[in-house]
Amino acid sequence: KQPVIQIPVVFHVIYHTPEENISDEQIQSQLQVLNEDYRRRNADTVNTLPAFKKLAADTGIQFCLATIDPTGKPTTGITRTYTDSLGFTTDEAMKFTAKGGHNAWDANQYLNIWVCNIQNGFLGYAQFPGGDPAIDGVVLWYQTIGKFPANPYVSVFNQGRTATHEIGHWLGLEHIWGIKDFGCEDSDGITDTPPQDNANSGCPTGTINSCNNSLQGGDMYQNFMDYTDDACMNLFTQGQSAYMQAIVSSARPGLLS
Ligand code: ARG
Ligand code: ZN
Ligand code: CA
């Protein structure tokens, strides 16, 4: 069994309004959600469908706020930047000080998470392993951070699982239904997640057989890499865990030292 991997995280809070300047408490809550979800210590593991219980995994990956900044000085692991920008798109402006955001910390050593007002309806997005280090990391809409009531918003995305999902991408995971929307030919490349046609949403119950997958238990719509509501997702699989562990060693080895 592999030793637990501890990933240092920096949250770059980019705000225009006071609401966007989220509290330390909200960020602490997000860290707690990540550590519960990735270590399978989330309270809702009891909801995992019986067919998937034995596949559900402790990924062996956990997260902490950075304690030393790139210059070697002590840090809270949170930067706060006032911006003139009323909202950001996926053009990566939030990742550059010169564009109203904040530059990345060395992506070999930190997981950079930018928290801002994303204006085009995205909850968040991530860069996959192997890309430009200057934009490496995860971007999250400020209203998705942490878990209610530390996250004060009334929404089906107020339990901090957008971060769980996006960090899954950052560690190389595809959506559970595969590379392209619709179609049973493509896959996520993970053998223990059943083949699935397209995204599920809301809060499904019972068995959904989108791709002749009944022998594997049907769609694994409770997987963090589907599109269901925060309250209705609760697992990564053994296969996904092994994949993320391998990605850290191969594509993000600096995080291990
Ligand atoms: N739509 C986003 C993506 O494709 C995130 C979905 C997050 N889902 C959630 N229940 N928080 O990456
Ligand atoms: Zn996604
Ligand atoms: Ca699969």
Side-chain angles (χ1 to χ4, degrees), residues 26 29-30 33-34 36-38 42 44 47 51-52 55-57 88-90 92 113-116 118-129 131 137-148 150-151 153-204 208-244:
Q26 212 179 321
S29 167
Q30 181 62 71
V33 170
L34 289 172
E36 289 172 1
D37 288 352
Y38 277 79
N42 42 312
D44 52 0
N47 298 340
F52 301 131
L55 298 175
F88 291 90
T89 62
T90 51
E92 318 287 20
I113 299 182
W114 288 270
V115 178
C116 61
I118 311 179
Q119 65 187 2
N120 54 2
F122 272 69
L123 298 171
Y125 67 95
Q127 177 164 289
F128 280 80
V138 165
V139 180
L140 294 167
W141 188 37
Y142 71 100
Q143 293 193 12
T144 68
I145 304 297
K147 182 174 178 155
F148 187 86
N151 174 324
Y153 298 97
V154 177
S155 145
V156 297
F157 303 114
N158 69 358
Q159 297 196 34
R161 282 176 163 160
T162 304
T164 303
H165 175 108
E166 298 308 334
I167 294 170
H169 287 314
W170 182 77
L171 291 170
L173 296 184
E174 298 289 348
H175 290 132
I176 193 167
W177 62 91
I179 316 292
K180 56 185 187 66
D181 294 346
F182 300 106
C184 296
E185 323 79 49
D186 69 316
S187 92
D188 59 357
I190 307 286
T191 48
D192 65 1
T193 56
Q196 182 175 315
D197 184 17
N198 194 16
N200 289 295
S201 58
C203 196
I208 300 175
N209 294 125
S210 67
C211 280
N212 261 319
N213 54 13
S214 54
L215 285 179
Q216 280 184 268
D219 288 14
M220 194 185 277
Y221 53 75
Q222 298 175 327
N223 194 280
F224 293 123
M225 300 315 290
D226 207 331
Y227 269 2
T228 40
D229 293 349
D230 281 9
C232 305
M233 36 176 57
N234 53 53
L235 79 151
F236 286 118
T237 66
Q238 309 277 351
Q240 289 174 315
S241 297
Y243 192 83
M244 289 191 280

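Every number for a ligand or one of its atoms is a count from 1 in the order of the listing.
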Donor-acceptor side-chain pairing of [X] and [Y] below 3.5 angstrom:
X	Y	value
N234	N47	no
N151	N158	no
N120	T89	no

Going by the atom numbers of ligand 1, which of them fall below 4.0 Å from some non-hydrogen atom of [X]?
X	value
E166	2 (C), 3 (C), 5 (C), 12 (O)
F157	9 (C), 10 (N), 11 (N)
T228	9 (C), 10 (N)
M233	10 (N)
H175	4 (O)

Q) Among D229, T162, N158, whose heavy atom sits nearest atom 7 (C) of ligand 1? A)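 Result: the heavy atom closest to atom 7 (C) of ligand 1 is in T162.
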### Query
If you measure from each heavy atom of Y125 to ligand 1, is any distance below 4.0 Å?
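Checking ligand 1 against Y125, which is what was asked, there is no heavy-atom contact under 4.0 Å.
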**Report entry** Residue, atom name and distance, where the atom is the protein heavy atom closest to atom 11 (N) of ligand 1
**Finding:**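 Closest protein heavy atom to atom 11 (N) of ligand 1: D230 OD1, 2.7 Å.
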Checklist line | Minimum-distance protein heavy atom relative to atom 4 (O) of ligand 1 | finding: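 Here the nearest protein heavy atom works out to Y227 OH, 2.4 Å.
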Item to complete: Determine which of the N, O or S atoms in D188 is closest to the Ca ion (ligand 3) and give its atom name.
Response: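 The nearest such atom is OD1.
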Where the Zn ion (ligand 2) is the centre, what is the NE2-to-NE2 angle for H169 and H165, rounded to 10°?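 Answer comes to 100°, rounded to 10°.
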Taking N, O or S atoms only and a limit of 3.0 Å, check whether G189 reaches the Ca ion (ligand 3).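 Checking the Ca ion (ligand 3) against G189, no N, O or S atom falls under 3.0 Å.
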* Of the backbone and side-chain N, O or S atoms of S187, does one lie nearer to the Ca ion (ligand 3) than 3.0 Å? ->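 So S187 does not count as coordinating the Ca ion (ligand 3).
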(message) Before moving on, can you tell me the angle at the Ca ion (ligand 3) between the O atom of I190 and the OG1 atom of T193, to the nearest 10 degrees?
(response)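 Angle O(I190)-the Ca ion (ligand 3)-OG1(T193): 80°, rounded to 10°.
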>> Using the rule given for side chain to side chain contact (heavy atoms under 4.5 Å, CB included), can you reason through F122 versus V139, listing the C-alpha separation, both sets of side-chain angles and the distance that settles it, and then say yes or no?
In response: CA-CA 10 Å; F122 272 69; V139 180; over 6 Å; no
4.5 Å side-chain heavy-atom contact, [X] and [Y]:
X	Y	value
Q30	I113	no
Q240	F224	no
H175	H169	yes
Y142	Y153	yes

#### Entry: Gap separating the CD atom of Q196 from the CG atom of D219, nearest 0.5 angstrom
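Here the rounded value is 4.0 Å.
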